[in-house]
Protein chains: 2
Amino acid sequence: MTAIKESSTIQENKQYALDKCPVTYVMEKIGGYWKPIIIYHLSTGNKRYSELKRAIPAITEKMLIQHLKQLEADNLVIREAKPIVPPFVTYSLSDAGNGLLPVIEAMAAWTFKEKDGIFKTK
Amino acid sequence: MTAIKESSTIQENKQYALDKCPVTYVMEKIGGYWKPIIIYHLSTGNKRYSELKRAIPAITEKMLIQHLKQLEADNLVIREAKPIVPPFVTYSLSDAGNGLLPVIEAMAAWTFKEKDGIFKTK
DNA sequence: ACAAGTACTTACCCTAAAGTATGTATCATG
DNA sequence: CATGATACATACTTTAGGGTAAGTACTTGT
């Protein structure tokens, strides 16, 4: 899952930011172009892998599972696989994942305000 | 300020995410290891360039102004320079920047919950 | 027997973001 | 006359994330 160089200032600074900054900690988990979109689609109900794929046509399969795996590793989504063939795998938000929804809504709210020009340029 | 290649799928997908996803829009503005930290320091009061530098020893000067410039361009911080020498430049949060504080607090709150194990692993 | 659907995996490439190092202009002070 | 403080700028390198393309295993339908 994308190997990382252990000894680089960029990793050290990441660590620094992760420790010092609870905001960075969240962004590590929901950052990247696709994660918020995936989370959004899961917030409207459990979805199969193929459903997600169809819901987000622009994403490649590599990016989709890569992010799903990361979200699962971070305990934000839960993967359930029925041991049948053809496979039947469902993804859903965990408690922690659901806990992020207010954060996500706050962000969305800010964006709409900003785009509506609610904040004067001062 | 870091030239960008206009024609690449990564840019297209970024654009897609920015249009489709208000969350990504926020993260574009406060993403990166240092921006949240800078914003935090400004949220406790206006700061001179050199004060920020001292407050965040691990950051390089390049990263510091680069992010300050971006934040200014995004209308999140305001730069005020007194036309004297030695220079006296102050940075402060704009209305839009202050509008982000609830978002930032929501993120911090989630992190603390998560680290305290409030979310059970299911 | 061959295509289609399920859910992935893997090898390789490209770029934006981050970091390193050094330089600039102006003035005050020892 | 050279050092320190102010607030930057700029060339050059590295790396982590994102993208492309192709393959896997197993079954059902035609």
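Keep in mind that this is a model prediction, so the values were computed, not measured. Lettering of chains follows the sequences in order, A, B, ..., and the numbering in each one begins at 1.
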* Using a cut-off of less than 4.0 Å, is there contact between a side-chain N or O of B:Arg48 and OP1 or OP2 of D:dA5? -> no
* Between B:Arg79 and D:dC8, does any side-chain N or O lie under 4.0 Å from OP1 or OP2? -> yes
* To do: Looking only at side-chain atoms of A:Lys62, point me to the closest of D:dT6, D:dA21, C:dA16.
  => D:dA21
* To do: Name the closest nucleotide to the B:Val89 side chain, picking from C:dT6, D:dT6, D:dA7.
  => D:dA7
* Asked: Is A:Ser50 near enough to C:dA7 that one of its side-chain N or O atoms lies under 4.0 angstrom from OP1 or OP2?
  -> yes
* Asked: Does OP1 or OP2 of C:dA17 have a side-chain N or O of B:Gln66 closer than 4.0 Å?
  -> no
* **Length of the NZ-C1' vector between B:Lys53 and D:dC8, whole Å** => 10 Å
* Asked: Is the NZ atom of B:Lys115 crowded by more than 12 outside heavy atoms at less than 6.0 Å?
  -> yes
* Earlier contact from the 5' end, DNA chain C, for A:Ile65 and B:Glu28 -> A:Ile65
* Check whether any side-chain heavy atom of A:Tyr91 sits under 4.5 Å from a side-chain heavy atom of A:Glu51, and report yes or no. => no
* **C:dA17 OP1/OP2 closer than 4.0 Å to side-chain N/O of B:His67** => no
* Using a heavy-atom cut-off of under 4.0 Å over every strand shown, decide if A:Ile10 touches base, sugar-phosphate, or nothing. => sugar-phosphate
* Output yes when at least one side-chain N/O atom of A:Asn13 is less than 4.0 Å from OP1 or OP2 of C:dA18, else no. => no
* Structure fact -> Rounded to whole Å, the OH-P distance (A:Tyr33 to C:dT15) equals 13 Å
* Report the distance from atom CZ of B:Phe88 to atom P of D:dC8, rounded to the nearest whole Å. => 12 Å
* To do: Compare side-chain N and O positions of A:Lys14 against OP1 and OP2 of D:dG17 and report whether any pair is under 4.0 Å apart.
  => yes
* Structure fact -> In whole angstroms, the gap separating P of C:dA17 from CD1 of B:Ile30 amounts to 16 Å
* Asked: Is A:Lys14 salt-bridged to A:Glu28, cutoff N-O under 4.0 Å?
  -> yes
* Structure fact -> Side-chain contact check for A:Tyr49: nearest option of D:dG19, C:dT9, C:dA7 is C:dA7
* What's the CD-P distance between A:Glu61 and C:dA11, to the nearest Å? -> 17 Å
* Whole-Å distance between C:dA7 C1' and A:Glu51 CD? -> 13 Å
* Asked: Does OP1 or OP2 of D:dA16 have a side-chain N or O of A:Ser8 closer than 4.0 Å?
  -> yes
* Phosphate OP1/OP2 of C:dC8 contacted by A:Tyr91 side-chain N/O (<4.0 Å) -> yes
* Structure fact -> Note: with side-chain heavy atoms under 4.5 Å as the link, the other cluster members for A:Phe88 come out as A:Ile84
* Identify whether NZ of Lys or CZ of Arg in B:Lys29 sits under 6.0 Å from the centre of the six-membered ring of B:Tyr25 and within 45° of that ring's axis. => yes
* Structure fact -> Rounded to whole Å, the CG-P distance (A:Leu64 to C:dC8) equals 9 Å
* Asked: C:dG19 P sits how many Å from B:Trp34 CH2, rounded?
  -> 6 Å
* Indicate whether OP1 or OP2 belonging to C:dT20 is found under 4.0 Å from a side-chain N or O atom of A:Thr9. => yes
* Structure fact -> Comparing A:Pro87 with A:Gly31, nearest DNA chain D nucleotide closer to 5' gives the residue A:Gly31
* Can the positive tip of B:Lys35 be found less than 6.0 Å from the middle of the six-membered ring of B:Tyr40, inside 45° of the ring normal? -> no
